[in-house]
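Notes for the one structure printed next.
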Amino acid sequence: WTTTGRPSNSFGSVNFAALTKEQRKAFIPENDSLVEFDFDAYHLRLIGNLIEFKFPTDISVHKYFSKKYGCSYEESKQKTFQILYGGIREEHKKLSGFYDLTYDYINNKWNEINRNKYVLTDIYKRKLIYKNYDDLNRNKLFNYLIQAYETEMNIKKILSIQDYLLGKKTKLVLYGYDSFLFDFSNQDGVETLKQIKKILEDDCDLPTNRVDYKPYFITKAKMGKNYGEMQDITKRL
């Protein structure tokens, strides 16, 4: 575990976040297929939740920012994180209200931890204590809070998924921060995958039975007979 409560990707001397493609091929399902769901720009949408800024749900967040910057999709990904963790300046605030609200959030939390010597995480209200961190600054604190929020949000999603899969053959077998890997049984049917997708894309705040409900988080899905050779099945779900 990290100091923010984020679980490690390593288990039994294996780092599952750093497996090569060849190593991934060694992992096969006990049921019929492995199915992985990956979030689109998960950190950015999580930050959006925290600051009450709603990104569009019909396009990727990185595509949204590429239009703001006037650059390519790949360049926008790098630029966004440079701005977020390198320092938000006045010209960045003019690009999107996202940066203006994020700037306020970062400064408010920095003032809070200096005043109280701790801040509470946003969902489970765990204390992040100032003295437990070396060379803490406002951007590091922001990163720690986002990591904590991601973990706590995912714990809620995992609990919902485990409840849903109770009694089914399909199992959650690997959690990787912004991805979830399932050992899928054909016996459970494609509706099981659709429901898992719905749980993952729910923002945990809005009721999913609302007539006007639209998922806030966006996932892509892949399926394969081993973890190293997966084909995109997003449009099928």
Side-chain angles (χ1 to χ4, degrees), residues 2 4-7 37-68 76-77 79-88 92-93 95-113 118-128 138-161 163-164 175-180 195-221:
T2 69
T4 60
R6 196 186 203 193
F37 290 89
D38 284 291
F39 283 103
D40 166 70
Y42 196 28
H43 265 206
L44 299 180
R45 289 191 182 272
L46 286 170
I47 295 167
N49 252 22
L50 281 176
I51 63 175
E52 298 183 359
F53 180 89
K54 292 297 182 183
F55 285 108
T57 56
D58 57 340
I59 61 168
S60 163
V61 172
H62 295 304
K63 191 170 183 179
Y64 164 84
F65 276 119
S66 73
K67 293 180 179 180
K68 299 288 184 183
S76 76
K77 292 170 70 173
K79 188 175 179 66
T80 298
F81 286 102
Q82 283 175 345
I83 293 171
L84 279 176
Y85 297 108
I88 299 171
H92 302 139
K93 294 182 189 179
L95 288 170
S96 170
F98 171 79
Y99 286 126
D100 204 359
L101 292 168
T102 301
Y103 180 87
D104 290 341
Y105 176 86
I106 292 171
N107 285 319
N108 289 339
K109 290 299 181 181
W110 181 241
N111 291 337
E112 185 179 332
I113 200 170
Y118 71 87
V119 290
L120 298 176
T121 60
D122 286 272
I123 296 178
Y124 291 126
K125 307 305 179 186
R126 296 179 297 117
K127 281 187 178 181
L128 301 186
R138 68 188 68 217
N139 284 331
K140 279 187 180 180
L141 176 64
F142 175 54
N143 189 30
Y144 295 158
L145 284 168
I146 300 308
Q147 285 187 25
Y149 184 54
E150 171 201 70
T151 301
E152 293 179 356
M153 179 73 82
N154 286 345
I155 290 298
K156 292 179 73 173
K157 292 180 187 295
I158 288 169
L159 290 172
S160 296
I161 286 168
D163 282 345
Y164 173 69
Y175 158 58
Y177 303 152
D178 62 352
S179 67
F180 293 74
Q195 183 60 29
I196 289 171
K197 177 181 174 71
K198 189 174 182 180
I199 293 170
L200 290 174
E201 293 184 345
D202 177 25
D203 72 357
C204 298
D205 291 322
L206 297 175
T208 56
N209 60 353
R210 275 178 25 182
V211 174
D212 63 342
Y213 175 78
K214 289 184 179 180
Y216 176 61
F217 297 104
I218 297 174
T219 62
K220 293 178 287 186

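Note that the structure is a prediction, hence the values are computed from the model and not measured.
- You'll find the ring centres of Tyr177 and Phe39 outside the 6.0 Å limit.
- Scored by the salt bridge (charged side-chain N to carboxylate O under 4.0 Å, His left out) test, Lys197 finds Glu201 as partners (sequence neighbours excluded).
- Between Leu145 and Leu120 the shortest heavy-atom distance is CD2-O, 4.3 Å.
- The structure places NE2 of His43 at 6.0 Å from OH of Tyr85, a figure rounded to the nearest 0.5 Å.
- Between Ser76 and His62, the closest heavy-atom pair is OG-O, 2.9 Å.
- The shortest distance between side-chain heavy atoms of Thr121 and Tyr149 does not fall below 4.5 Å.
- For Lys93, the NZ atom sits in a packed shell: over 12 heavy atoms of surrounding residues, nucleotides or ligands are nearer than 6.0 Å.
- Put simply, CG on Asn108 and CG on Leu101 are 10.5 Å apart, with the number rounded to the nearest 0.5 Å.
- The 12-atom threshold is not exceeded at NZ of Lys63, counting heavy atoms of other residues, nucleotides or ligands nearer than 6.0 Å.
- Tyr64 and Ser96 make their closest contact through OH-OG, 3.1 Å (heavy atoms, listed as atom of the first residue, atom of the second, distance).
- With Leu44 as the partner, the side-chain contact (heavy atoms from CB on, under 4.5 Å) test is satisfied by one option alone out of Thr80, Thr102, Asn49: Thr80.
- Counting heavy atoms from C-beta on, the side chains of Arg126 and Glu152 come closer than 4.5 Å.
- Taking both residues in full, the closest heavy atoms of Gly48 and Phe98 are given as N-CE1, 4.0 Å, listed atom of the first, atom of the second, then distance.
- Distance CD/Gln147 to CG/Leu46: 11.5 Å, rounded to 0.5 Å.
- No side-chain heavy atom of Ser60 sits less than 4.5 Å from a side-chain heavy atom of Ile218.
- Between the side chain of Asp202 and the backbone N or O of Lys198, no donor-acceptor pair lies under 3.5 Å.
- Considering every non-hydrogen atom in both Pro7 and Thr151, the closest pair reads CD-CG2, 3.8 Å.
- Aromatic rings from Phe180 and Phe37 are positioned such that their centres are separated by 6.0 Å or more.
- Using a 4.5 Å heavy-atom threshold, the side chains of Phe217 and Asp40 count as separate.
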Q. Would Tyr42 and Asn154 satisfy side-chain hydrogen bond (donor to acceptor under 3.5 Å, both in side chains), going step by step from the backbone distance to the final call?
A. CA-CA 11 Å; Tyr42 196 28; Asn154 286 345; 2.6 Å; yes

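- Residue Gln82 qualifies as enclosed at atom CD: its count of foreign heavy atoms under 6.0 Å is above 12.
- Distance check, rounded to the nearest 0.5 Å: CG of Asp38 to OG1 of Thr219 gives 8.5 Å.
- For Tyr105 and Phe53, the ring centers sit 6.0 Å or farther from each other.
- Two residues are said to be in side-chain contact when any heavy atoms from C-beta on lie closer than 4.5 Å; Ile161 and Leu200 meet this criterion.
- Using a distance-only test at 3.5 Å, with no hydrogens or angles considered, a donor-acceptor pair links the side chain of Ser160 to the main chain of Lys156.
- You'll find the side chain of Ile155 stays beyond 4.5 Å of the side chain of Ile123, heavy atoms only.
- Counting only heavy atoms from C-beta outward, the side chains of Phe142 and Arg138 never approach each other to under 4.5 Å.
- Between Leu50 and Asp122 the shortest side-chain heavy-atom distance falls below 4.5 Å.
- Tyr99 and Phe65 have their aromatic ring centers within a separation under 6.0 angstrom.
- Taking OH of Tyr144 as the reference point, atom CD1 of Ile113 lies at 10.0 Å (rounded to 0.5 Å).
- Of the inter-residue distances, the one linking Leu141 atom CG with Trp110 atom CH2 reads 7.0 Å to the nearest 0.5 angstrom.
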